[in-house]
Amino acid sequence: MEAQPRSRNRQKTTRNDARKQLKFNIKRQSKTVDEQIRKLVNLADIRYDLKPEELEVERCFVTKATPLKRIKYHARGRFGKKFRRHSHLNVTVGEIDFTSKIANARNERDRDRWVKWREEARAVRERAEEERRELDMLRGLDSIEEEVEEEEEIMEENKEGKKE
């Protein structure tokens with residue numbers, strides 16, 4: 001990724017807040033950062049079973065990468081050095097500790113907001129677990145139906161074998 005490294009100290013933000021801020025940011029690489037956050041949230045859901053509402057962006061920073069040296073052509077057969085600068089994007093997402101956030105809230109409004117977000121995250125988790133149980137049950141029914149079909153085929157083959 002091509003970008004100049006910049007350092008910004010920001011507090012931890014939820015995934016939704018971070019993506020909202022990036023949506024209205026006019027900087028060139030904001031779309032890339034938003035895409036990386038989206039990918040990380042998806043990976044956290046797949047690998048660690050963490051729902052997007054339970055995640056926050058802990059760190060996001062850029063570091064310099066090794067520049068590529070190229071030739072810059074000048075007039076009269078001369079040349080100089082040209083550097084293709086690149087950078088590394090480092091984004092860390094983590095699970096929100098709602099109890100500490102609620103306990104350390106600055107005021108009642110922040111506390112109420114964190115309580116609301118915790119309830120939303122619980123509702124999403126419960127809905128996802130219910131869907132997973134439903135899918136497992138359907139998969140179990142499918143496997144039972146396949147076993148019944150296999151047994152019927154075996155019985156038909158046995159009947160044909162006895163007739164001959």
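Note that the numbering runs from 1 along the sequence shown for the chain.
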Which residues share a side-chain hydrogen bond (donor to acceptor under 3.5 Å, both in side chains) with [X], sequence neighbours left out:
X	answer
Asp97	Thr99, Ser100
Arg127	none
Arg19	Asp34
Glu95	none

Criterion side-chain contact (heavy atoms from CB on, under 4.5 Å) on Glu126 and Glu130, from CA distance to verdict: CA-CA 6 Å; Glu126 288 171 3; Glu130 185 178 313; over 6 Å; no
Linking I/L/V/M/F/W/Y whenever their side-chain heavy atoms sit closer than 4.5 Å, directly or via other members, would [X] and [Y] fall into one cluster?
X	Y	value
Ile37	Tyr48	yes
Leu22	Val91	yes
Val62	Val57	yes

Stepwise side-chain contact (heavy atoms from CB on, under 4.5 Å) check, Lys69 with Phe83: CA-CA 5 Å; Lys69 294 178 184 176; Phe83 295 98; 3.6 Å; yes
Supply the atom-to-atom distance [X] [atom1] to [Y] [atom2], rounded to the nearest 0.5 angstrom.
X	Y	atom1	atom2	result
Ile96	Glu58	CD1	CD	9.5 Å
Glu56	Thr13	CD	OG1	7.5 Å
Lys20	Asn25	NZ	CG	15.5 Å
Lys82	Lys72	NZ	NZ	7.5 Å

Identified side-chain contact (heavy atoms from CB on, under 4.5 Å) partner of Trp117 from the options Asn16, Asp112, Thr14: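 It is Thr14, the one option of Asn16, Asp112, Thr14 that forms the side-chain contact (heavy atoms from CB on, under 4.5 Å) with Trp117.
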For residues [X] and [Y], determine if any side-chain heavy atom of one lies less than 4.5 Å from a side-chain heavy atom of the other.
X	Y	answer
Pro52	Arg15	yes
Lys39	Asn42	no
Leu43	Val93	no
Arg118	Ile102	yes
Asp45	Lys51	yes
Cys60	Val33	yes

Qualifying residues under salt bridge (charged side-chain N to carboxylate O under 4.0 Å, His left out), relative to Arg125, sequence neighbours excluded: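 With neighbours one apart ignored, the set is Asp49, Glu54.
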Salt bridge flag under 4.0 Å for residues Arg122 and Glu119: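 Result for this pair is yes, salt bridge flagged.
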Nonpolar side-chain network containing Phe79, other nodes, edges under 4.5 Å: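 When side chains under 4.5 Å apart are linked, the cluster holding Phe79 also contains Ile71, Tyr73.
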Where Leu89 and Gln36 come nearest, the two heavy atoms and their spacing: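 Nearest pair, atom of Leu89 first, then Gln36: CD2-CG, 3.6 Å.
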Steps toward salt bridge (Lys or Arg N to Asp or Glu O under 4.0 Å) verdict (Asp136, Arg133): CA-CA 5 Å; Asp136 289 343; Arg133 275 189 244 113; over 6 Å; no
